[in-house]
Amino acid sequence: MAEQKKLVDDITSMDEDFAKWYTDVVKKAELCDYSSVRGCMILRPYGYAIWENIQKIMDGMFKATGHENVYMPMFIPESLLQKEKDHVEGFAPEVAWVTHGGNEKLTERLCVRPTSETLFCEHYSHIINSYRDLPKLYNQWCSVVRWEKTTRPFLRTSEFLWQEGHTMHATAEEAIAETEQMLNIYADFCEKYLAIPVVKGRKTKKEQFAGAEATYTIEAMMHDGKSLQSGTSHYFGDGFAHAFDITYTDKDNTLKYPHQTSWGVSTRLIGAIIMTHGDDNGLVLPPAIAPTQIVVLPIAQHKAGVAEKATEIKERLAKSFRTSIDLSDNSPGWKFAQYEMKGVPLRLEIGPKDMEQNQCVLVRRDTREKYFVSLDCLEEKVAELLAAVHDGLYNKALENRENRTYTAKNMEELKAIADGKNGFIKTMWCGEEACELQLKEEAGVSSRCMPSVQEDLGDTCVCCGKPAKHMIIWGKAY
RNA sequence: CGGGAUGUGGCUCAGUUUGGUAGAGCGCUGCGUUCGGGACGCAGAGGCCGUGGGUUCGAAUCCCGUCAUCCCGACCA
């Protein structure tokens with residue numbers, strides 16, 4: 001490991017104040033800016049480019065599993081939102097309403113979509129008639145609005161970008177399989193592209209989506225030990241189908257209700273990247289989604305041939321990697337700090353001394369290790385180091401999670417862990433909401449999920465001591 | 001939505017207690033010297049002090065409202 005000295009004064013140290021560190025990084029790395037509307041942020045080019053890379057990869061994964069993209073309106077008539085009782089109760093407190101068109105008051109107010117189940121359902125009721133019309137595997141990339149009481153860049157904003165998949169299936173089995181498939185896609189994406197290890201599991205009834213029969217989640221642990229719900233996949237059964245009168249005629253000529261799913265991830269993933277991989281020098285981006293994977297920095301660029309050589313290398317690397325170059329007048333030291341702040345996974349230094357020896361210097365963002373590399377095998381070495389950065393980030397995040405994962409057998413143990421430490425606390429649980437509420441009240445933790453991979457930690461509930469039904473993870477969450 | 005804090009050049013902040021012509025550092029522009037961990041010199045530009053009222057001869061400063069941001073709770077992707 002390179003020296004731990006903090007090189008950037010503009011960023012508050014993580015250990016000193018993690019929340020402040022987070023907002024400093026978001027601003028200094030030029031990911032977003034605040035707008036004049038409460039809780040709404042401007043995604044700046046660098047931040048948006050990360051989202052575009054996420055979108056590109058994930059969209060490919062959706063299409064490879066048979067999904068099609070559509071676009072729904074952003075307005076939902078109040079009467080439509082109210083068709084499913086649980087759903088409207090869940091979302092009504094946080095929707096924004098349009099009441100006027102121009103100067104005319106609308107006869108029915110319109111909600112700005114907080115999610116689009118209702119719009120999809122209405123549409124599906126029109127286009128699904130026969131078993132031959134199933135399954136319907138739709139997804140949309142859009143923004144939604146939820147009037148949050150408090151907001152934080154990327155983690156919780158009034159408007160945010162996301163994708164929402166909405167699918168309809170002939171059978172419950174098929175819909176459940178879809179729910180699981182999409183959860184797996186999310187988990188794979190986080191681990192293979194974002195270098196973020198996640199725990200897959202099911203949400204408790206208390207935490208599940210308004211109107212869903214089951215909600216599955218991927219939970220990621222941030223550097224400070226808090227949990228971030230990073231993606232969800234819901235199984236709806238045929239509840240919405242009943243509410244919206246969606247029926248199809250099956251092979252046996254009887255009328256049936258289809259089974260439904262929905263699933264989504266949002267720009268919150270960018271928050272997860274920041275809080276999982278970042279350090280006191282700023283952002284650290286996983287190579288797969290970094291807008292710039294390697295930045296070429298000339299040293300003593302006024303000297304004969306240096307700028308030209310740097311440009312030549314940049315163009316050469318650009319054929320295989322997302323590459324940029326900085327030929328500005330800023331000093332090398334300034335540039336080092338700048339691109340570290342922006343989390344560029346690799347930097348390449350090229351100066352007169354290197355040119356004499358047909359080499360360059362590569363430096364990893366995550367460990368700041370330096371490598372002297374012959375220009376003859378540059379591409380291979382860059383590819384190798386980018387892969388090493390990815391693995392390094394993943395392993396470091398996994399190590400953090402393992403170090404902060406605890407097991408508790410009873411309330412005393414659980415409270416002792418939750419008092420002062422953030423992390424995942426694994427316990428057994430009876431399944432009763434009363435115990436969930438008691439843990440929230442007494443230990444300040446909420447249920448994160450019942451992991452898909454269950455462990456047997458005992459026979460009794462951590463809270464009430466009655467027979468346990470599930471292994472569950474508790475923690476503090478963003 | 002409760003509790004706390006903050007809004008002054010692009011950024012970080014001083015000035016507010018005790019009302020009297022708007023300040024610093026960084027950044028920005030130009031020229032020159034530099035360049036392997038945030039370089040330096042000289043010369044410049046840039047602010048109706050978040051916003052709306054009020055008090056006053058006079059308000060960045062005092063009073064009331066409002067908007068936004070940050071932190072801590074409750075609520076939520």
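Numbered from 1 within each chain, the chains take letters A, B, ... in sequence-line order. The structure displayed is predicted, hence computed values, not measured ones.
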Under 4.0 Å between any heavy atoms, over every strand shown, what does [X] touch: base, sugar-phosphate, or nothing? Just pick one.
X         : answer
Glu94(A)  : sugar-phosphate
Phe160(A) : base
Leu155(A) : base
Lys335(A) : nothing
Val361(A) : base
Thr217(A) : nothing
Gly264(A) : nothing
Thr150(A) : base
Lys440(A) : sugar-phosphate
Gln229(A) : sugar-phosphate

In whole angstrom, give the distance that lies between atom [atom1] of [X] and atom [atom2] of [N].
X         : N       : atom1 : atom2 : value
Asp326(A) : rC35(B) : CG    : P     : 17 Å
Phe18(A)  : rC71(B) : CZ    : P     : 12 Å
Glu148(A) : rA74(B) : CD    : P     : 15 Å
Glu30(A)  : rG27(B) : CD    : C1'   : 13 Å
Asn330(A) : rU29(B) : CG    : C1'   : 14 Å
Arg44(A)  : rC11(B) : CZ    : P     : 11 Å
Ile270(A) : rA77(B) : CD1   : C1'   : 14 Å
Asp17(A)  : rA5(B)  : CG    : P     : 17 Å

Just to verify, what does [X] make a side-chain hydrogen bond (donor to acceptor under 3.5 Å, both in side chains) with, not counting sequence neighbours?
X         : result
His67(A)  : Thr65(A), Glu178(A)
Glu89(A)  : none
Thr151(A) : none

Pairing nucleotide - [N], Watson-Crick or G-U, each distance under 3.5 Å:
N       : result
rC76(B) : none
rU18(B) : none
rU61(B) : none
rC40(B) : rG32(B)
rC70(B) : rG4(B)

Work out how far the [atom1] atom of [N] is from that of [M], and round it to whole angstrom.
N       : M       : atom1 : result
rC71(B) : rG30(B) : C1'   : 43 Å
rG2(B)  : rG58(B) : P     : 37 Å
rG27(B) : rC63(B) : P     : 37 Å
rC49(B) : rG53(B) : P     : 13 Å
rG9(B)  : rA5(B)  : C1'   : 24 Å
rC67(B) : rU51(B) : C1'   : 7 Å
rC64(B) : rG38(B) : C1'   : 46 Å
rU34(B) : rG41(B) : P     : 15 Å

request  = Give every residue pair that meets the ring-ring contact (aromatic ring centres under 6.0 Å, His included) criterion with at least one member in residues 178-214 of chain A, sequence neighbours excluded.
outcome  =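 Output for this query lists His87(A)-Phe209(A), Phe91(A)-Phe209(A), Phe189(A)-Tyr193(A), Phe209(A)-His234(A), Phe209(A)-Phe236(A).
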inquiry  = Using heavy-atom distances to pick each residue's nearest nucleotide on RNA chain B, tell me which of Gly444(A) and Gly351(A) is more 5'.
reply    =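 In this pair, the answer is Gly351(A).
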Can you list everything that forms a salt bridge (Lys or Arg N to Asp or Glu O under 4.0 Å) with [X]? Sequence neighbours excluded, please.
X         : answer
Arg268(A) : none
Lys440(A) : none
Arg347(A) : Glu340(A), Glu349(A)
Glu312(A) : Lys309(A)

I'd like a table of atom pairs between the protein and nucleotides 65-70 of chain B - only N or O on both sides, under 3.5 Å - with the distance next to each one.
unit_1: rU69(B); atom_1: OP1; unit_2: Gly39(A); atom_2: N; d: 2.7
unit_1: rC70(B); atom_1: OP1; unit_2: Tyr34(A); atom_2: OH; d: 2.7

key: Neighbours of RNA chain B within residues 300-311 of chain A, by heavy-atom distance under 4.0 Å   =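 By residue number: Ala300(A), His302(A).
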task = List in numerical order all residues of residues 196-207 of chain A for which some heavy atom is under 4.0 Å away from an atom belonging to RNA chain B.
result =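 Here the set is empty: none.
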task = Could you check if a side-chain atom of Ile76(A) sits within less than 4.5 angstrom of a side-chain atom of Leu110(A), using non-hydrogen atoms only?
result =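 Of all side-chain heavy-atom pairs linking Leu110(A) with Ile76(A), none is under 4.5 Å.
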ask   = Are Cys463(A) and Leu439(A) side-chain neighbours, meaning at least one heavy-atom pair lies under 4.5 Å?
value =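 Counting from C-beta outward, Cys463(A) and Leu439(A) do come under 4.5 Å.
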key: Under 3.5 Å donor-acceptor pair, Arg156(A) side-chain atoms to rC76(B) base atoms   =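 Answer yes: a donor N or O sits under 3.5 Å from an acceptor.
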Which of the following nucleotides, [options], is nearest to the side chain of [X]?
X         : options                   : answer
Ser331(A) : rA77(B), rC1(B), rG38(B)  : rG38(B)
Arg368(A) : rG38(B), rG37(B), rC76(B) : rG37(B)
Asp354(A) : rG36(B), rA39(B), rC1(B)  : rG36(B)

ask   = Which atom pair, heavy atoms only, marks the closest approach of Met355(A) to Ile350(A)?
value =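 Heavy atoms only, the tightest pair is CG-CD1, 4.0 Å.
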inquiry  = Determine whether a donor-acceptor pair (N or O, by modelled atom type, separation under 3.5 Å) exists between the side chain of Ser233(A) and the backbone of Thr179(A).
reply    =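 Side chain of Ser233(A) to backbone of Thr179(A), a donor-acceptor pair under 3.5 Å: yes, one is there.
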query = Between rA77(B) and Ser266(A), is there an OP1 or OP2 to side-chain N/O distance shorter than 4.0 Å?
reply =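 No, no such contact exists.
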request  = Assert yes or no for the condition that the ring centre distance of Tyr138(A) to Tyr124(A) is strictly below 6.0 Å.
outcome  =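 Judged by ring-centre distance (under 6.0 Å), Tyr138(A) and Tyr124(A) do meet the cut-off.
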Distance-only criterion, 3.5 Å: show the donor-acceptor pairs between side-chain atoms of residues 294-305 of chain A and protein atoms not counting sequence neighbours.
unit_1: Gln301(A); atom_1: NE2; unit_2: Ser328(A); atom_2: O; d: 2.8

Thr217(A)/Gln229(A) under side-chain hydrogen bond (donor to acceptor under 3.5 Å, both in side chains): CA gap, chis, key distance, verdict = CA-CA 7 Å; Thr217(A) 177; Gln229(A) 180 176 313; 4.5 Å; no
